[in-house]
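Comments concern the structure below.
Chain letters run A, B, ... following the sequence lines, proteins first and then strands; every chain starts at 1.
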Protein chains: 2
Amino acid sequence: MSAISITGESTEMYLKSIVELEMLTAPPVAISHLAQRLGVSSPSVLEMVKRLAVQNLVTHTPYKGVSLTERGRRRAMAVLRRHRLWERFLVDALHLPWETVHDYACQLEHATAPAVTDALAAFLGNPTACPHGNPIPDAVGDVQPSVAVPLLELPVGQSARLAHIIYEEAILLEYLARRGLVPGARLMLEDIAPYQGPLMVRVDGSEHPAALGREIAARVFVLPD
Amino acid sequence: MSAISITGESTEMYLKSIVELEMLTAPPVAISHLAQRLGVSSPSVLEMVKRLAVQNLVTHTPYKGVSLTERGRRRAMAVLRRHRLWERFLVDALHLPWETVHDYACQLEHATAPAVTDALAAFLGNPTACPHGNPIPDAVGDVQPSVAVPLLELPVGQSARLAHIIYEEAILLEYLARRGLVPGARLMLEDIAPYQGPLMVRVDGSEHPAALGREIAARVFVLPD
DNA sequence: AAAGATAATTAGGATACCCTAATTTAAGGA
DNA sequence: TCCTTAAATTAGGGTATCCTAATTATCTTT
């Protein structure tokens, strides 16, 4: 409303989280999942979701969940584009460590005008993927769909190449990187423990197989040979 | 307070405005001046100033005005540093037009972590001035003081070189640029109209002298020969 | 089909901003 | 010194965003 007020930063954070969750689980996205992802209470999320619904950015089905409208999806893709471009910039130009750039990009993504976004993309040579392997939407918000599958769904004994990692928190990325799990790494699923037990993954160039919990394995996407 | 909330963006905008106003007029800064600069009502400014005072960022003397504390000055300088570094980046790397980058930098300056700021400075070759000629504070917040004087105070007939322009709104910069008034330009003050009348400035390479209002002339700093 | 568990929603509050209108203070000229 | 005026302050509201505790709906399980 004024020169000072923040221009829909919350809105963008919600839209981004929704689009990310829609990629993992089929829409609609549960209020509680959003709440967990954003670190905010369910009533707060519900309230915000209602505000987003009024603006025609999401559809809320009571007791079911939220899905993005076309308008909301476009806005979310624009955020994702800015986020991943900044990540490329922070790694390629500023030489900041791979695992740390996600958080910095989360701040910059909300402070970037369209003209800056386009100029940044050109400066970087219009890259098509962020440093974690995730595709960068183009200027109209289109992404080429990934054919990679979650590591969780890779058959045992099947070798594959790591394509991308979603939900790029620094902690997770550091953990994976220390085990050689970076985009492009060759790996093979050796074993899956029963119940909610870990997956044993042999990474090329590593001495020991890595043990990954299922939560983690669901975020690592691979391209089988 | 939460993962979503905005981390003191307002705070930084206030501190930045205060430091800028302190450079023009002697401290303390009047509440009404701040209000005008920020485009916000006086009661709002007063309220915010009280919040800043509680955090030991400013000192408020009732009915007198505001001054930055040492802590506040450091914070303000950090904002100024980020702002001017981003301006350099937007001009030098992204090749965006000189007059437009101020507004973009105003957004980015609040979304830049210290590690990013330092890496950005290194990437740019640790520049010492922004594209509008204003000095970039170093990592500890020190600036070399400028010896430039406001154009308003230049004696008639004295030739000089344009050093820097403060308060870099796009409108003002475009106006000046169209008249050849960019940092480094050679100029001479030809005449000053009485009362609040304009200054007549002859710019090297321009056909006609430019007429500048006093509000504007107070923002243009020059180095007399 | 009833009961229990889980998720969603409502109720009731808090804080950081913002605003207008009314009042008070300070400062300078008659 | 007193009065006028401009600036500062107080009073009283508004919205967006967050929270906890209480209630209600849905789903699962016996």
Side-chain angles (χ1 to χ4, degrees), chain A residues 1-18 21-22 24-67 72 75 79 106-107 110-111, chain B residues 1-18 21 24-67 72 75 79 106-107 110:
Chain A
M1 269 301 129
S2 105
I4 296 241
S5 78
I6 286 84
T7 60
E9 181 167 327
S10 276
T11 296
E12 291 195 344
M13 293 181 73
Y14 274 86
L15 294 177
K16 183 183 160 199
S17 290
I18 294 169
L21 287 171
E22 279 191 349
L24 257 201
T25 44
V29 173
I31 298 285
S32 51
H33 286 171
L34 251 184
Q36 190 191 7
R37 180 135 186 71
L38 289 162
V40 151
S41 73
S42 284
S44 298
V45 169
L46 183 62
E47 199 180 13
M48 184 61 169
V49 158
K50 284 176 177 172
R51 271 193 294 268
L52 296 175
V54 167
Q55 295 173 265
N56 241 296
L57 293 166
V58 302
T59 308
H60 177 228
T61 315
Y63 294 101
K64 287 292 182 313
V66 203
S67 348
R75 286 279 290 278
V79 179
C106 278
Q107 304 181 257
H110 306 294
Chain B
M1 267 298 129
S2 104
I4 295 241
S5 78
I6 287 83
T7 62
E9 182 167 324
S10 278
T11 296
E12 292 195 345
M13 292 182 73
Y14 274 85
L15 294 178
K16 182 183 160 201
S17 291
I18 295 170
L21 287 171
L24 257 201
T25 45
V29 172
I31 297 285
S32 50
H33 287 171
L34 251 183
Q36 191 192 5
R37 181 134 185 71
L38 288 162
V40 151
S41 73
S42 283
S44 298
V45 170
L46 183 63
E47 197 181 15
M48 185 60 171
V49 159
K50 285 176 176 172
R51 269 193 294 267
L52 296 175
V54 167
Q55 295 174 265
N56 241 295
L57 293 166
V58 303
T59 308
H60 177 227
T61 315
Y63 295 100
K64 286 292 182 311
V66 204
S67 347
R75 284 279 290 277
V79 179
C106 278
Q107 303 181 259
H110 306 295

Please round to the nearest 0.5 Å and tell me the distance separating atom [atom1] of [X] and atom [atom2] of [Y].
| X | Y | atom1 | atom2 | answer |
| --- | --- | --- | --- | --- |
| Leu52(B) | Lys50(B) | CG | NZ | 12.5 Å |
| Cys106(B) | Glu9(B) | SG | CD | 10.0 Å |
| Glu12(A) | Leu57(A) | CD | CG | 10.5 Å |

Pairs where residues 55-67 of chain B contributes a residue and the test salt bridge (charged side-chain N to carboxylate O under 4.0 Å, His left out) is met, not counting sequence neighbours
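Passing the test, one end in residues 55-67 of chain B: no pairs.
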
Among residues 45-53 of chain A, which residues get a heavy atom nearer than 4.0 Å to DNA chain C?
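Within this stretch, Leu46(A), Lys50(A) sit under 4.0 Å of the strand.
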
Determine which pairs satisfy side chain to side chain donor-acceptor pair (under 3.5 Å) with at least one residue from residues 53-63 of chain A, sequence neighbours left out, and list them in order.
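Side chain to side chain donor-acceptor pair (under 3.5 Å) check on residues 53-63 of chain A returns no pairs.
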
What pairs of residues pass the side chain to side chain donor-acceptor pair (under 3.5 Å) test when at least one of them lies in residues 26-47 of chain A, not counting sequence neighbours?
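Every pair satisfying side chain to side chain donor-acceptor pair (under 3.5 Å) with a residue in residues 26-47 of chain A: Glu20(A)-Arg37(A), Ser41(A)-Ser44(A).
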
Just how far, in rounded Å, is [atom2] of [N] from [atom1] of [X]?
| X | N | atom1 | atom2 | result |
| --- | --- | --- | --- | --- |
| Glu12(B) | dC17(C) | CD | P | 12 Å |
| Leu57(B) | dA16(C) | CG | P | 14 Å |
| Met13(B) | dC18(C) | CE | C1' | 13 Å |

Between dT9(D), dC19(C), dC18(D), which one does the side chain of His60(B) approach most closely?
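Among the listed nucleotides, the one closest to the side chain of His60(B) is dT9(D).
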
Smallest separation among heavy atoms of [X] and [Y], with atom names:
| X | Y | value |
| --- | --- | --- |
| Glu22(A) | Ser67(A) | OE2-CA, 3.4 Å |
| Val29(A) | Ile18(A) | CG2-O, 4.0 Å |
| Pro28(B) | Gly65(B) | CB-C, 3.7 Å |
| Val45(B) | Val40(B) | CG2-CG1, 3.8 Å |

Stretch residues 26-36 of chain B: residues that reach within less than 4.0 Å of DNA chain D through a heavy atom:
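When residues 26-36 of chain B is checked for heavy atoms under 4.0 Å from DNA chain D, the hits, listed by number, are Ala30(B), Ile31(B), Ser32(B).
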
Can you tell me if Ser41(B) touches the phosphate of dC19(C), counting only side-chain N or O atoms and a distance under 4.0 Å to OP1 or OP2?
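Looking at the OP1 and OP2 atoms of dC19(C), one of them is under 4.0 Å from a side-chain N or O of Ser41(B).
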
Does dC19(C) have OP1 or OP2 sitting under 4.0 Å from an N or O in the side chain of Ser44(B)?
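True: Ser44(B) side-chain N/O within range (under 4.0 Å) of dC19(C) OP1/OP2.
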
Is the closest side-chain heavy-atom distance between Leu15(A) and Val79(A) below 4.5 Å?
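Not in contact.
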
Output one line per pair: protein atom, nucleotide atom from nucleotides 21-28 of chain D, and distance, for all N/O pairs under 3.5 Å.
{"from": "dA25(D)", "atom 1": "O4'", "to": "Tyr63(A)", "atom 2": "OH", "distance (Å)": "3.4"}

